[in-house]
Amino acid sequence: MSEKPARTRYAPSPTGSPHVGNLRTALFSYLLARHTGGQFLLRVEDTDQTRLVPGALQDIIASLRALGLDYDEGPDRASVARVDAAKYGTVDPALLPEEGGAYGPYFQSQRLDRYREVVDTLLDAGKAYYAFETKEELEAMRAAAQMRGEPFLYNRRYRDLPLAEARKRVEDGAPHVVRLKMPTEGPIRTYDALRGETVWDATTQDDFIILKADGFPPYHLAAMVDDHDMEITHVLRGEEWLSSSPKHFCLLQALGWEIPVFLHVPYVLGADGKKLSKRNGAKPVVGVIKDPKTGEDIPGYVDHDGVLPEALFNHLALVGWSPGEDLEIMPKEELIARFDANRISRSPGIFDLDKLYATNGVYLRALAPEDFARRALPYLAKAGLVPEDADDAAVQYAADVLALEQERLKTLAEAPQATEFFFRDLPEYVEKSANKWLKPQGAAEYLSDLGAALVDASPWDAQTIESVTREVGARHGRERGDITHPVRVAVSGREAGPSLFDMMAVLGRERVLARLRRAVEIARA
RNA sequence: GGCCCGUUCGUCUAGUGGCCUAGGAUGCCUCCCUUUCAAGGAGGAGAUCACGGGUUCGAAUCCCGUACGGGCUACCA
């Protein structure tokens, strides 16, 4: 790929929330634009007004924001305001730029005049024609062909009808569409940046519709016009568009326009190797959560099991692309610096959650403790462990707790489960653990003595707690694990967790003493 | 059915004719570290490079075919 500034775009239709597959295409486009110092645009392909899903637009914009794929040009407050909120839903204005860019509007539904203009030029030049079959008639023709076991191609009935005559019928109110005159024979050559040239036989191609009966253009026309008008240099899109390439190349040629670089990105599949769906991990990546404390947006929060956006970004970039070296952990800036669209894979990849979580663990551990706490806190709040209106002391306590778990978590979503016992009055004792460490002879006495010794241990820090505990343990003839394990279970209810003495230090004297008392009860029961 | 695209460890991938007895990561297993769990460190198992033919002194890499998977074949994108 040339290193000239590339203008790329992500052009979803607002028919649902984007999933990681869509966003990976957006991410590659973004990376290419940033790598070359070009621009990344967002364009909304809303030419099929019947399939609009309210809220999808908000999800698209929020997802891009969450992942850190900021667009240089795209929907702004004014253009979103013009859109019918009943059909599109509303968009949080905070997510929208004031000024969308010089090539707008970035909603196809707001560019209808331009499409008509282009279609008219094609009509005038004799490169397109009006056709008067209705949808029903076409369906009947298709069904008939299928009955005969023949592939269906439109019969081009109106291709040679004189334009003046056709215009007259149109003026008389005849329902109509406009079709492009495709070559009827010979090879059609298309190019894909990853696959090179593909040669198609013109006889397999249809005179496809470039203007629907409702006056809206279909994708084939709208996308090509917009990509041209918006000076898009590299069209990265899903592999499903590969077989429409002949349409696009012929249209562009009929218009005499420069053909951008087309690059068809392979699919991202679910863990089961099937197309992504809600069942196999294609959760929408909708982001931006409110900080329960300040009420501010925490930008970049990604609702994907508590995966950090920077980790998702990193992981997604490596599904279908690699820098060619044994490098895996690369933050955004490095990804931008190293990205090379030519190295995008041609074969589909599976979105592997295990690997995502591993990457996430690396990012989690690399976070400054305060930052980690800030990002994890909303999860504790959501689980009801920290009140929404927590005071400073409670927030500080939660932060201290989280600091102990930082290197153990793979996702933020695990935080409530991992830290729950810190926030309850008493932990839930895991029966198996209690049986193993609290029930045996001598445990009750040991824990009770330890409680007594801890009453005025001072200062209350990990070091002091450790020496007191070891001393009491030694007095009871215990060593190593026999000293720590009963205490661990007594204090947390379970056998696994953070370093024992740090944990006790954070819990505080009152909680520790109460839990030791409870453990003694259990031991004696 | 027709046309098109794809196929390297379970998974993500490196590999563009000899450096490949195929490298890294993840997951799994073992050991070390250690108060537990993680993390970290050291190892291990795991890919006859979909299959079959060619081309070549030499192929995962080039060519052909087959199989399998996928896409398109809409007045959806």
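Since the structure is predicted, the reported quantities are computational estimates derived from the model, not experimental observations.
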To the nearest Å, give me how far apart CD (A:E239) and P (B:rG70) are.
12 Å
Where A:L402 and A:F372 come nearest, the two heavy atoms and their spacing:
O-CE2, 3.3 Å
To the nearest angstrom, how far is A:N360 atom CG from B:rU26 atom P?
14 Å
salt_bridge(A:E310, A:R375) N-O dist < 4.0 Å:
yes
Give one of base, sugar-phosphate or nothing for A:L500, where a contact means two heavy atoms less than 4.0 Å apart.
base
Salt-bridged, A:R195 to A:D192, with N to O below 4.0 Å?
yes
Any donor-acceptor pair under 3.5 Å between the side chain of A:E328 and the base of B:rG24?
yes
Is there a donor N/O on one and an acceptor N/O on the other, under 3.5 Å, for the side chain of A:R480 and the base of B:rU35?
no
Relative to the 5' end of RNA chain B, which residue comes earlier, A:L409 or A:P323, by the nucleotide with the nearest heavy atom?
A:P323
Considering only atom C1', compute the distance from B:rU26 to B:rA45 and round it to an integer number of Å.
15 Å
Out of A:R179, A:K181, A:K247, A:R159, which residue meets the salt bridge (Lys or Arg N to Asp or Glu O under 4.0 Å) rule with A:D207?
A:R159
Out of B:rU35, B:rC5, B:rA38, minimum distance to the side chain of A:R408 belongs to B:rA38
When rounded to the nearest Å, what value does the distance between C1' atoms of B:rA38 and B:rC20 take?
36 Å
Measuring only the C1' atom in each nucleotide, how far is B:rC19 from B:rC63? A whole number of Å is fine.
25 Å
What distance, rounded to whole Å, do you find between the two P atoms, one in B:rU11 and one in B:rU16?
23 Å
Distance test, side-chain N/O of A:K247 to OP1/OP2 of B:rA74, below 4.0 Å:
no
Nucleotide B:rU35, atom C1' - distance to CE of A:M504 in whole Å:
12 Å
Side chains of A:D46 and A:S109: donor-acceptor distance under 3.5 Å anywhere?
yes
Side chain of A:R195 (C-beta onward), nearest among B:rA14, B:rG6, B:rG71:
B:rG6
Atom-to-atom span, NZ of A:K274 to C1' of B:rU11 - whole angstrom
16 Å
Give me the distance, rounded to whole Å, that separates B:rU61 from B:rU48 when you measure between the P atoms they each carry.
15 Å
Pairing nucleotide - B:rA60, Watson-Crick or G-U, each distance under 3.5 Å
none
Work out how far the C1' atom of B:rC76 is from that of B:rG71, and round it to whole angstrom.
15 Å
To the side chain of A:S243, which of B:rU35, B:rG6, B:rC72 is closest?
B:rC72
Identity of whatever pairs with B:rC20 - Watson-Crick or G-U, under 3.5 angstrom
none
Check: A:P260 and A:L252 side chains under 4.5 Å, non-hydrogen atoms
yes
Rounded P spacing from B:rA14 to B:rG6 in Å:
15 Å
Round to a whole Å and report the spacing from NE2 of A:H264 to P of B:rC4.
15 Å
Could you go over nucleotides 75-77 of chain B and give all protein N or O partners under 3.5 Å, atom names and distances?
unit_1 : atom_1 : unit_2 : atom_2 : d
B:rC75 : OP1    : A:R142 : NH2    : 3.4
B:rC75 : O2     : A:A213 : N      : 2.7
B:rC75 : N4     : A:E133 : O      : 2.8
B:rC75 : N4     : A:K135 : N      : 2.9
B:rC76 : OP2    : A:K212 : NZ     : 2.9
B:rC76 : O2'    : A:D48  : OD2    : 3.0
B:rC76 : O2'    : A:R51  : NH1    : 2.5
B:rA77 : OP1    : A:T47  : OG1    : 2.7
B:rA77 : OP1    : A:K212 : NZ     : 3.2
B:rA77 : OP2    : A:Y219 : N      : 3.1
B:rA77 : O3'    : A:E45  : OE1    : 3.3
B:rA77 : O2'    : A:S13  : OG     : 3.2

Taking the side chain as every heavy atom from C-beta outward, state whether A:R478 and A:H485 have any atom pair closer than 4.5 Å.
no
B:rG43 pairs with which nucleotide, Watson-Crick or G-U wobble, both distances below 3.5 Å?
B:rC29
Between A:R365 and A:V319, which has a closest nucleotide on RNA chain B that is more 5'?
A:V319
For B:rG1, the Watson-Crick or wobble partner whose two distances fall under 3.5 Å
B:rU73
Using Watson-Crick geometry (N1-N3 plus N6-O4 or O6-N4) or G-U wobble (N1-O2, O6-N3), each under 3.5 Å, B:rC37 is paired with none
In this structure, which one of A:F313, A:F339, A:W321, A:Y10 forms a ring pair (Phe, Tyr, Trp, His ring centres under 6.0 Å) with A:F28?
A:F339
At 4.0 Å (heavy atoms only), tell me whether A:F208 reaches a base, stays on the sugar-phosphate, or touches nothing.
nothing
Centroid-centroid under 6.0 Å between A:W241 and A:Y219 rings
yes
Check this for me, if you would: do A:D226 and A:R9 make a salt bridge, where the nitrogen-to-carboxylate-oxygen distance has to be below 4.0 angstrom?
no
Side chains of A:L57 and A:F107, heavy atoms from C-beta outward: is any pair under 4.5 Å?
yes
When the aromatic ring centroids of A:F132 and A:Y158 are compared, is their separation below 6.0 Å?
yes
Mind checking whether A:Y129 and A:Y154 have parallel, tilted or perpendicular rings, split at 30° and 60°?
parallel
Identity of whatever pairs with B:rC68 - Watson-Crick or G-U, under 3.5 angstrom:
B:rG6
When rounded to the nearest Å, what value does the distance between P atoms of B:rA59 and B:rG52 take?
14 Å
Interface with RNA chain B, restricted to residues 462-479 of chain A and to heavy atoms under 4.0 Å:
none
Just compare B:rC37, B:rA25, B:rC4 and give me whichever is closest to any side-chain atom of A:T198.
B:rC4
Which parts of residues 343-350 of chain A get close to RNA chain B, meaning a heavy atom less than 4.0 angstrom away?
A:R343, A:R346, A:S347, A:P348, A:G349, A:I350
Answer with yes or no whether the side chains of A:N22 and A:T25 bring together a donor and an acceptor at under 3.5 Å.
no
